[in-house]
Amino acid sequence: MGAGDAKWYQYILHDALIQFHHHIFPVYVGQSEFNFIGATDIRAPYYFLLGQLLDFLTWGLANSLIIQHLIVFMNAIIAAFLFYFLLTRIAPQHRWQATVVSFFYITCPGIIGLIYFQDSYHAFMAIPYVPLAIYGLILINQKNNLFSYIITALGLTLTWLAHPPIALWTTAIICFFLALQIVFLRKGFIALICVLSLLMIFNCWQFISISILNLGNECAGHGAHFLNSVFNKLSADVPAAFLPLGWANGESPDLQLGYALWLMLAISLFVAIRWPLQNSMRNLLLCVFVLFLFLFPFPYINQKLWSLTPDFVREITTAWAQQRFYVIIAAITCICAMMAFTKIQALFFRKILNVLLFGLFFWNVYQTYYFIHHGQIQKDGEISWLKSHNIFFYNYTLYPQLRDTYHEGTIDPMLKSKLLDSKQAILPEYDNEQVVISKSLNLKNTEIYSYQSFPFIINKNNQPVKKDIPLLKIKIPDNQNFLLVASISTKQLKQLSDDNYIGYSFAISSHKNTHLYFNASYRFDALPTENSKVLLPIFIDNNEENELYFTLNGINGHGKILIESYKLIKYDADSLPIHIESFTPYKAQVKTPISNTYLEIFKQYLPGYQAIVNGKAVAVFKSKNNLILIPLKNSGNNVITLYYKGTQLMHLAFILNMIIWGMLLIYLIRQRYKFII
């Protein structure tokens with residue numbers, strides 16, 4: 001499933017599985033050609049931990065694309081059965097209604113749309129565990145004991161492992177719920193302290209690792225920018241909130257609460273007005289009300305709430321408030337509905353309710369069919385996803401200080417290594433990328449000249465229409481490495497607004513299925529300058545004739561891109577001055593002409609790397625470009641091995657968490673009978 005960001009998630013998974021097969025566990029950063037830049041994975045490890053478990057259970061016979069789909073299927077099954085179990089604990093006498101309501105939750109457009117339209121794999125991983133955290137609040141309200149604190153903290157812990165932004169908002173809602181308990185009932189303070197403390201204990205591995213790696217600062221300083229992004233996105237999509245699927249013209253027409261859950265919410269409100277209301281249900285409905293104030297652009301109120309929200313919360317929410325909020329709202333709505341069913345005693349109301357549930361069940365079956373039929377599904381197999389595409393140009397998790405380097409040059413990891421002298425100046429003959437370019441640019445038989453003008457075509461949503469420019473037809477032998485150097489200049493290229501989050505990208509692609517297994521791209525976070533050079537590696541896996549196309553994508557801009565010339569260059573990766581033997585583990589050889597040099601590897605520097613040079617452990621440093629530097633003291637042949645192990649504190653936190661989770665599992669097994677209300 002998925003045709004866009006799903007590639008990025010599949011590359012993360014593929015990288016994690018490669019490391020798992022090389023006995024690297026747990027995974028903190030990328031260490032394969034699928035993530036050679038070393039992007040961090042610890043932000044949301046549940047996705048690849050579940051993938052590694054499935055890989056183990058299938059004896060490593062399933063490829064990463066199959067594992068990716070198994071993860072989605074298994075996670076949906078866990079969510080359905082866990083939610084059904086929780087709902088039957090709330091209303092044991094309404095089991096078939098619990099079955100239907102569980103189905104409503106899974107098929108809520110705002111949830112199923114995460115995977116079928118949004119490619120939000122990490123967000124989809126959170127759907128089983130948000131209800132568990134909310135259910136823990138009911139236990140706190142009724143029993144207020146250690147078991148209720150543990151269930152709430154456990155639900156939060158698993159949500160944090162799955163998707164930190166959703167977990168952050170879920171944690172905020174739980175704190176708000178317990179604050180209401182303190183205000184109205186003069187109790188809940190101890191519960192609040194205990195839940196937050198248990199959360200920190202249960203999830204110390206993730207929190208400590210994120211702190212050591214200094215993650216979460218990618219969008220620092222963009223609070224005002226994201227404030228506008230959030231409000232503009234909500235304003236654009238609010239007309240779709242009450243329309244059938246596919247009828248809306250917003251950017252995300254399929255992120256809705258859905259008619260079934262609107263009805264569940266209406267039933268809960270009806271019961272709250274007509275019959276005595278439990279404190280937990282009242283507080284949960286107030287939580288939904290607050291989330292709606294954030295979600296719908298009410299004049300003044302909505303903007304004021306977002307402006308009062310801390311910057312770091314807006315920065316990790318950005319324009320995806322709906323993807324975060326609907327999961328929480330859907331879980332609370334279904335739980336409130338089951339609590340409401342226990343209050344409805346009149347036969348007349350129960351018959352009406354059953355008829356409505358029966359009808360909406362078939363409506364949600366239709367919704368599911370709609371998503372499957374219209375969603376972004378790879379129907380042609382896309383074997384190319386299993387080959388080395390390099391997560392490098394699909395990465396959302398780079399440090400700001402690395403982005404200038406990140407967008408320069410090629411995307412072939414074989415070409416990214418450099419040898420520096422003692423003052424960190426590049427030795428030109430030991431720069432793999434420049435060696436290939438300088439030796440090949442003057443070969444006239446590789447030159448193909450073209451002069452093309454590509455204007456942006458803006459549609460009514462101020463988005464450029466994707467358009468391909470045919471370049472050339474080419475026949476390349478199997479698995480050969482080529483570099484396409486395109487000279488680009490701009491003309492009257494302007495931005496329509498300051499919101500240029502995605503940037504401009506150039507790509508080379510083939511229109512023949514599975515022939516071009518790397519859709520090479522070059523992305524600018526800012527407007528390209530005059531006479532920019534774009535370097536794109538091309539890898540073709542068969543010798544049939546391929547027609548290559550030059551593609552330009554961008555947002556919020558207009559003008560022209562001029563392709564002044566381009567050249568196709570062949571190079572032999574084995575003959576490069578810095579020879580890369582493998583990526584997992586990273587092994588390289590270089591014959592240094594002088595002593596006291598540094599090998600700069602195109603991996604972002606993070607604490608926890610270990611390097612071995614000629615059999616001896618050496619310290620790893622950070623270069624001026626925030627990349628890894630490995631000192632080479634002696635001239636001559638140097639054999640280098642680099643791997644990421646993590647710091648001692650990260651390892652201690654992981655071991656401690658394993659012990660804690662083991663003790664927690666034993667405790668839950670012993671307390672299994674207390675899980676019934």
Side-chain angles (χ1 to χ4, degrees), residues 44-46 49-50 75 78-79 81-92 125-164 166-182 185 187-208 278-281 283-284 287 327-328 331-332 334-335 338-339 653-677:
Y46 174 84
L49 287 173
L50 182 57
N75 200 68
I78 292 173
F81 278 92
L82 178 59
F83 204 23
Y84 169 79
F85 177 77
L86 298 177
L87 294 181
T88 55
R89 303 285 74 77
I90 295 172
M125 296 300 104
I127 65 171
Y129 307 116
V130 173
L132 181 61
I134 302 301
Y135 174 77
L137 294 178
I138 300 174
L139 290 180
I140 289 175
N141 184 74
Q142 294 184 355
K143 299 192 175 183
N144 197 29
N145 56 8
L146 177 61
F147 181 74
S148 62
Y149 306 155
I150 287 177
I151 292 299
T152 307
L154 178 61
L156 283 178
T157 298
L158 293 170
T159 307
W160 275 99
L161 289 170
H163 194 271
I166 291 178
L168 180 62
W169 283 102
T170 306
T171 305
I173 285 298
I174 285 176
C175 291
F176 179 71
F177 178 96
L178 295 176
L180 292 175
Q181 296 283 84
I182 297 172
L185 301 178
K187 66 176 184 178
F189 181 77
I190 295 177
L192 178 62
I193 298 300
C194 289
V195 167
L196 295 180
S197 299
L198 287 171
L199 170 63
M200 298 301 295
I201 294 172
F202 292 167
N203 210 25
C204 62
W205 167 57
Q206 185 186 26
F207 292 155
I208 289 175
Q278 295 180 5
N279 292 323
S280 56
M281 186 174 175
N283 291 346
L284 287 176
C287 290
V327 176
I328 305 171
I332 294 177
C334 291
I335 288 175
M338 291 307 299
M339 296 174 70
F654 179 74
I655 294 172
L656 178 61
N657 245 160
M658 293 295 290
I659 295 173
I660 292 172
W661 291 342
M663 295 173 61
L664 178 61
L665 181 61
I666 295 173
Y667 173 81
L668 292 176
I669 292 174
R670 295 184 64 180
Q671 298 291 323
R672 62 190 182 276
Y673 295 114
K674 294 183 180 181
F675 208 69
I676 301 176
I677 296 178

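Only a predicted model underlies this, so the values are computations on that prediction, with no experimental measurement involved.
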Checklist entry - Would a 4.5 Å heavy-atom cut-off, applied to side chains only, mark Phe81 and Pro128 as touching? => result no

Checklist entry - If you round to the nearest 0.5 Å, how far is CD of Gln142 from CD1 of Ile90? => result 8.5 Å

Next on the checklist: My understanding is that only residues two or more places apart in sequence, or in another chain, count here; which of them pass side chain to side chain donor-acceptor pair (under 3.5 Å) with Asn657?
Outcome noted: none

Checklist entry - Less than 4.5 Å apart, any side-chain heavy atom of Arg89 and any of Ile138? => result no

Checklist entry - What pair of heavy atoms forms the shortest contact from Ala331 to Val130, and how long is it? => result CB-CG1, 4.0 Å

Checklist entry - Tell me, which pairs form a side-chain hydrogen bond (donor to acceptor under 3.5 Å, both in side chains) where one or both residues lie in residues 125-134, sequence neighbours left out? => result Tyr46-Tyr129

Checklist outcome for this item: In short, Thr152 meets Leu137 closest at the heavy-atom pair OG1-N, 3.7 Å

Next on the checklist: Run the side chain to side chain contact (heavy atoms under 4.5 Å, CB included) test against Ile659 and tell me which residues pass, sequence neighbours left out.
Outcome noted: Ile655, Met663

Item to check | Residues that Tyr84 engages under side chain to side chain donor-acceptor pair (under 3.5 Å), provided they are two or more places apart | outcome: none

Would you be so kind as to tabulate the donor-acceptor pairs closer than 3.5 Å made by side chains of residues 192-206, with sequence neighbours excluded?
| residue | atom | partner | partner atom | Å |
| --- | --- | --- | --- | --- |
| Ser197 | OG | Ile193 | O | 2.7 |
| Asn203 | ND2 | Gln206 | OE1 | 2.5 |
| Trp205 | NE1 | Tyr28 | OH | 3.0 |
| Gln206 | NE2 | Arg43 | O | 2.6 |
| Gln206 | NE2 | Trp160 | O | 3.1 |

Checklist entry - Near Phe189 CZ, under 6.0 Å, is it more than 12 heavy atoms from other residues, nucleotides or ligands? => result no

Item to check | For Tyr149, ring pair (Phe, Tyr, Trp, His ring centres under 6.0 Å) partners two or more places apart | outcome: none

Checklist outcome for this item: Taken to the nearest 0.5 Å, the spacing of Ile150 CD1 from Leu668 CG works out to 7.0 Å

Item to check | For Ile174 against Ala133, the heavy-atom pair lying closest together | outcome: CD1-CB, 3.8 Å

Checklist entry - Between Ile151 and Gly136, which heavy-atom pair has the shortest distance, and what is it? => result CG2-CA, 4.0 Å

Checklist entry - Could you give the distance from CG (Leu158) to CD1 (Ile78), rounded to the nearest 0.5 Å? => result 10.0 Å

Checklist entry - So, do Phe83 and Tyr135 sit near enough that their side-chain heavy atoms are less than 4.5 Å apart? => result no

Item to check | Pairwise distance CG(Leu82) to CG(Leu87) - rounded to 0.5 angstrom | outcome: 9.5 Å

Item to check | Residues which pass side chain to side chain donor-acceptor pair (under 3.5 Å) with Ser148, listed by chain and number, not counting sequence neighbours | outcome: Asn145

Next on the checklist: Would you compute the distance between atom CG of Asn75 and atom CG of Leu50 and round it to the nearest 0.5 angstrom?
Outcome noted: 6.5 Å

Checklist entry - Are the side chains of Tyr667 and Arg670 in touch, meaning some heavy atoms are under 4.5 Å apart? => result no

Item to check | Ile182 side, atom CD1; Ile190 side, atom CD1 - distance, nearest 0.5 Å | outcome: 10.0 Å

